[in-house]
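Below is one structure, written out as C-alpha cells, with a few remarks after it.
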Amino acid sequence: MSEIPGRISSVIAQLRTNDLERTIRFYTEFLGFDLDFRHEDFYAGVSAGNSIVHLKLDDSDDPSIDYVKQGGHFHLYIETPDAAAVAEALEKKGIELTDKVHETAWGTKEFVVEDDQGHTIYFGQRVTQK
C-alpha cells in the first residue's frame with residue numbers, strides 16, 4: 001500500500017437540506033455547532049471542534065434518509081466524552097432520542113437522534129472494555 005504525501009487534516013461531511021435556515025438553527029442552537037460560513041442562500045458550513053459539516057440546499061428530500069434508517073446506518077457519528085450527559089442536555093432542549101443511551105458490544109456508549117431533515121446522527125463515547 002502506498003503512502004499519501006502529507007497528512008489528512010480533516011474530513012468534511014455534506015448533508016442536504018430543503019430548509020437551510022432551519023438546519024443551521026438545529027446544528028447551532030440544539031447541537032452547539034458554530035456557523036463557520038454561508039455562501040449565498042444555498043450553502044453553509046458548521047463545525048464542532050475539528051469536525052465540519054457542510055449543508056447544501058436542495059429542493060428535494062434527501063433519498064439517503066430512508067436508506068440509512070432501513071439499514072441501521074448513520075449520516076454522522078459524533079464522539080463525546082460523556083454520552084449520557086449530552087443525551088440529557090438534548091432531551092432538555094426538546095430533542096427526541098430515537099435510540100436511548102446504551103452500551104454496545106464494541107466498547108462504546110451510544111444514543112441516536114435525527115436532525116430537522118431526518119438524518120440519523122449517532123453520538124458515541126468510548127468506554128473501557130470489560
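Computed from a predicted structure; not experimentally measured.
- Taking hydrophobic clusters as Ile, Leu, Val, Met, Phe, Trp and Tyr residues chained together by side-chain heavy-atom distances below 4.5 Å, F33 does not share a cluster with I52.
- K109 NZ to H102 NE2: the interatomic distance, rounded to the nearest 0.5 Å, is 11.5 Å.
- Both V53 and I78 are assigned to one and the same hydrophobic cluster, defined by single-linkage of ILVMFWY side chains at heavy-atom distances under 4.5 Å.
- With no hydrogens or angles considered, a side-chain donor-acceptor pair links R16 and S60 at under 3.5 Å.
- Taking the six-membered ring for Trp and thresholds of 30 and 60 degrees, F37 and H54 have ring planes more than 60 degrees apart, a perpendicular arrangement.
- Rounded to the nearest 0.5 angstrom, L15 CG and T23 OG1 are separated by 8.5 Å.
- Remark: the backbone N or O of V112 is paired with a side-chain donor or acceptor of T98 at under 3.5 angstrom.
- Among all heavy-atom pairs drawn from A87 and L97, the shortest one is CB-CD1, 3.9 Å.
- Side-chain N/O atoms of S10 and N50 include no donor and acceptor closer than 3.5 Å.
- In this structure, OH in Y122 is found 12.0 Å from CZ in F111, a value given to the nearest 0.5 Å.
- Under the 4.5 Å side-chain heavy-atom criterion for grouping Ile, Leu, Val, Met, Phe, Trp and Tyr, L31 is not connected to V68 through any hydrophobic cluster.
- The side-chain heavy atoms of E110 and Y77, taken from C-beta on, include a pair separated by under 4.5 Å.
- The CG atom of D62 sits 9.5 Å away from the CD atom of Q14 when rounded to the nearest 0.5 Å.
- The two residues I24 and L55 come nearest to each other via the heavy atoms CG1-CD1, 4.0 Å.
- Using the six-membered ring where Trp is involved, H39 and F42 have ring planes that are perpendicular, over 60° apart on the 30 and 60° scheme.
- In this structure, CG in D59 is found 10.5 Å from OG1 in T17, a value given to the nearest 0.5 Å.
- Both F30 and V46 are part of a single hydrophobic cluster, where members link through side-chain heavy atoms under 4.5 Å apart.
- Counting all heavy atoms, side chain and backbone alike, L35 lies closest to T28 at N-CG2, 3.9 Å.
- Residues D115 and L76 have side chains not in contact (no heavy-atom distance under 4.5 Å, counting atoms from C-beta outward).
- G118 approaches I65 most closely through the heavy-atom pair O-CG2, 3.4 Å.
- Just one of H75, H73, H119 meets the ring-ring contact (aromatic ring centres under 6.0 Å, His included) condition when paired with Y67; it is H73.
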> For L20 and R38, what are the C-alpha separation, side-chain angles and deciding distance, and is it a side chain to side chain contact (heavy atoms under 4.5 Å, CB included)?
Replying inline: CA-CA 10 Å; L20 186 60; R38 295 180 71 118; 4.1 Å; yes

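- N18 CG to D58 CG: the interatomic distance, rounded to the nearest 0.5 Å, is 8.0 Å.
- For R22, the CZ atom counts as densely surrounded, since its 6.0 Å shell holds more than 12 non-hydrogen atoms of other residues, nucleotides or ligands.
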